[in-house]
Amino acid sequence: MNRTKSIVVASLLVGLGLTACNSGGMRRNPGKVYAPDMTYSRAYDAYTYNPNFEDSLTSRKPVAGTVAMGHELPDHLKEGDTLAYKSYNTALRFSESDLKEGKRIFDIYCGICHGQKLDGNGPLYNDGNGKFAAAPANLLGPNYLNMPVGQMYAAIKYGKNKMGSYASQLDIKQRWMIIAYIKKVQSENNGAAFTMGTGTPATTDTSAKAADTTAVAKH
Ligand code: HEC
């Protein structure tokens, strides 16, 4: 009996000792791998070295001149592409309830800086009381009153200087609803007449329309 006891105690001590040794250092080796195909990716991981390309980058840019499905224009962030947005428009039309929704999401995402009155004086800025580093655009001011909708779109999609991109928060239709809302308010404050309302004929290419209306993903 005594002997069994001491064997049990001894093996417990050995076990404890082994565990103690193990828990100290960093264990980088996973040991035996049951299903190597699942543990080790056969495909190149996004940020790993890739010997198949001269520049060794695994993540490739889209082929020049192509537009990803559901996107409207190429995603290359070159100056030329950003300028191309100036003439970009949407064939979507916006009803009263769209404009109401546009106001709702403007107040959530943009009003904090641009102000619910669109005067560039939202609570995050408030006449520059040291809160936000840059003055948000006064969307009712002369520089912005007649800004092309495509340029506004570019600001939302890519951001503009200190203003960040809102591409991941707002899908394509939401971006346009916000722009329509801004344009509507601008038209009531000496801006050009509002032409994005129901019933106005579409003025742009149909590819833009197709991309706009079918897009469900956020990008
Ligand atoms: C964190 C503050 C902030 C938020 C939030 C913000 N903006 Fe801005 N926005 C700015 C600033 C600052 C500028 C001025 C950028 C410049 O010209 O240097 C600006 C500029 C703009 C412009 C002018 C772009 C141009 O080409 O001159 C538009 C249009 C605009 N914002 C729309 C929006 C919309 C729509 C939203 C909501 C989706 C939004 N902003 C959210 C800070 C903000």
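We count ligands from 1, going down the list as the structure has it; atoms in each ligand are counted the same way.
Residues meeting the salt bridge (charged side-chain N to carboxylate O under 4.0 Å, His left out) test with D107, sequence neighbours left out: K103.
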Output, or 'none' if empty, a list of ligand 1-protein atom pairs in which both atoms are N or O and the distance is under 3.5 Å, rounded to 0.1 Å.
residue  : atom   : partner : partner atom : Å
ligand 1 : 7 (N)  : H114    : NE2          : 2.8
ligand 1 : 9 (N)  : H114    : NE2          : 2.9
ligand 1 : 18 (O) : N161    : ND2          : 2.8
ligand 1 : 26 (O) : Q151    : NE2          : 3.1
ligand 1 : 26 (O) : K160    : NZ           : 3.4
ligand 1 : 27 (O) : K160    : NZ           : 3.2
ligand 1 : 31 (N) : H114    : NE2          : 2.8
ligand 1 : 40 (N) : H114    : NE2          : 2.7

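For the side chain to side chain contact (heavy atoms under 4.5 Å, CB included) with D98, the lone residue among K173, R93, Q174 that qualifies is K173.
A donor-acceptor pair under 3.5 Å is absent between the side-chain atoms of S187 and the main chain of A192, judged by distance alone.
Using a 4.0 Å cut-off between charged side-chain N and carboxylate O, K100 and E96 make no salt bridge.
In this structure, Y88 and W176 have tilted ring planes: the angle between them lies in the 30° to 60° band.
In summary, the aromatic rings of Y181 and F106 are positioned with their centroids under 6.0 Å apart.
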